[in-house]
Every structure is written in structure tokens, then in C-alpha cells.
Asker: 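There's a structure below that I have some questions on.
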Amino acid sequence: MITASRYFKEKFGHKMYKAAISLDVTCPNRDGKVGTGGCAFCSAGGSGEFASSSSLPVRRQIDDAISKLSSKVPEDTGYIAYFQSFTSTYCDPDKLRGALNEAVSHPKVEALSVATRPDCLPPQILDVLKEAAARIPLYVELGLQTCDDEVARSFGRGYETRVYDEAVTALKTCGANVITHIICGLPGEDKDMMLRSVEHAIAAGTDGLKFTCLYILKNTRYEKLYEEGKIEVLGQQEYFDIVEEALSLVPEDMVVHRLTGDGPKSILIAPMWTADKRQVVNYINRRFKDLL
Ligand code: SF4
């Protein structure tokens, strides 16, 4: 495996940070097209809690994100405009084209990253992504979470795994670099099932992986089940034991963008070990020092 920091340093010649952006879009799993309640773990913010308000122009959101980061990062840092919340391609193609063009024109933006669902990539949207990828490095992040369709149905993902497989192929044809999100700790999954999802994403042709443990967030369907004692979360050691095994499956030239996520503290219910970011970073650095 290659770490994201090494990969970005080699590709861009310096560190890269993400400037999170919210587009004024929703998700077909919330507005009724595919479902109404969203995935059982997804917060009302659609995973965009770190981004600015979607009512602001894209350029302004990038400026805001950069000014928040600027005191903490080296001067020669480059930025990835990260369209993070909900389903960034669930909109009119011209709207997406306009937003991506606005981001590309920002002088500090050196790459784009677009988070979306594999079932929201119709041909006109793929054309927009292809145009963008011809201008600037483009990463597309797909929330697979699991390759087990039964587990996916249980949390309400709303698409079959074969749709993900087709999306990876289509995106790579467009010149996008595909990053796949995997959640470890989904109810109904044991370690072998989690590892199977990693193998599945690798076989499907993903370029990179992002791991996260299952968070229980306020106002999600999982909150209720957790409070009723019907589901559990992973402990820190248990989670990283699984990640360590998963990493042993990852090809040498594949980029691992994240070993765990960073749940928004204001709405985090469990697992609380994830709230102490410094402790988690120290643990990762100690445990994975030979890989990082
Ligand atoms: S597809 Fe993404 S944004 Fe939509 S409900 Fe699921 S996790 Fe949330």
C-alpha cells in the first residue's frame, strides 16, 4: 500500500489538503427517488458536517476552507476541492459542470474530489466528469461500505453491488481516479465479510481505499437501535485489528487514503474513542509505523 500523504507528495510535489465544499444537492436515498430515510448511519448533514454552507458560491467556500486551514499547513500546500456532502453528482449536469469549473479556476486548487453514489452517474454526468478529468486530476469517492447486498439492504444503501462495479469501470474510462469507502463494523457483518468487501473493491478496479469504523450519530436510524442495545460498535483495538488484516490484502501500488474517519463530535454518540483524535493518531502512528 501507499499512504495518501506519500502519494500526494509524489504526484503534486507537496502536501495536499482538502477544502470541503457543499453543493446544494440532496441524495436519492433521502428525497424518495431510491429511499426516504437515508442510510441508517447517515446524519442529516449527509456527511458534510465539515463543509461550508451550500448557499455560498463554490469559490467562497474554497476561500473559507483555505483560510481555516492556512495557519496549520505549510505555505506551499496545494488544495483539493472536495465536493463532500450528500451526493454531489445528483444534479443537473450543467450545475455540476459550473461548480467544477468554478473550483478549477481557483488559483490554489490543484485537484478535484467528488463524493457520490455509484447509481448517480448517468452518461451526461460522466461527460462532465470526463471534461473535468481532462483539465485537472479528478478523484471520485464512492460509498460502497460493504459488498454484501443483504447487509447493504439492511442499512438502506439503495443500490446493488453490481452497480458499484459498473460505476468503477465507467469512471476509470472517464479518466477519474476512484476511491472506495468501506465501513468496518456494520451490523450483521463479521471480520471475514468486512475483508471480502476490501477484496471486492480491489477486484473491481478501485484506485484507492478509505476505511472508517461505523459511527453512531445523532438523529440516525442506528442511534435508536444503538440506544436499544440492538447494535454494537467496535473498540479501538478490535477495529484496527481488522484494518491491519485488510491492509495485508491491499496491493503495493494501491493508495490507502484513510485508516479511520473523523466523526463530527457534536453529533457523535459512539464509539467515543474516535472523539479523541490526537490519541487515535498516536495509536495509528505507533501501531502502523512500518507502513506509514
Ligand atoms: S447515500 Fe450517502 S448521503 Fe445518501 S443517505 Fe447514504 S450515506 Fe447519506
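Counting starts at 1 for both ligands and their atoms, in listed order.
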Asker: Taking ring pair (Phe, Tyr, Trp, His ring centres under 6.0 Å) as the definition, give me every residue that meets it alongside Tyr17, ordered by chain and number, with sequence neighbours left out.
Answerer: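 Expected list: none.
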Asker: Would you indicate whether Glu199, at its atom CD, is surrounded by more than 12 heavy atoms from other residues, nucleotides or ligands within a distance under 6.0 Å?
Answerer: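 Above 12, so yes.
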Asker: Need the ligand 1 atom indices (1-based, order shown) with element for anything under 4.0 Å from a heavy-atom of Gly38.
Answerer: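 Answer for ligand 1: 5 (S).
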Asker: Can you sort out which atoms of ligand 1 are near Cys42, meaning under 4.0 Å from one of its heavy atoms?
Answerer: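 It comes down to these atoms of ligand 1: 3 (S), 5 (S), 7 (S), 8 (Fe).
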Asker: Hey, is there an N, O or S on Cys39 sitting under 2.8 Å from atom 4 (Fe) of ligand 1?
Answerer: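 Under 2.8 Å: Cys39 has no N, O or S contact with atom 4 (Fe) of ligand 1.
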Asker: I'd like to check which ligand 1 atoms, numbered from 1 as shown, lie under 4.0 Å from a non-hydrogen atom of Arg117.
Answerer: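 Those qualifying, in numeric order: 1 (S).
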Asker: Name each donor-acceptor pair under 3.5 Å that joins a side chain in residues 177-184 to protein atoms two or more places apart or in another chain, with its distance.
Answerer:
{"from": "Thr180", "atom 1": "OG1", "to": "Tyr164", "atom 2": "OH", "distance (Å)": "2.7"}
{"from": "Thr180", "atom 1": "OG1", "to": "Thr206", "atom 2": "OG1", "distance (Å)": "2.7"}
{"from": "His181", "atom 1": "NE2", "to": "Glu141", "atom 2": "OE1", "distance (Å)": "2.6"}

Asker: Taking all atoms of both residues into account, what is the closest heavy-atom pair of Gly188 and Val151, and its distance?
Answerer: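 Here Gly188 and Val151 meet closest at O-CG2, 4.1 Å.
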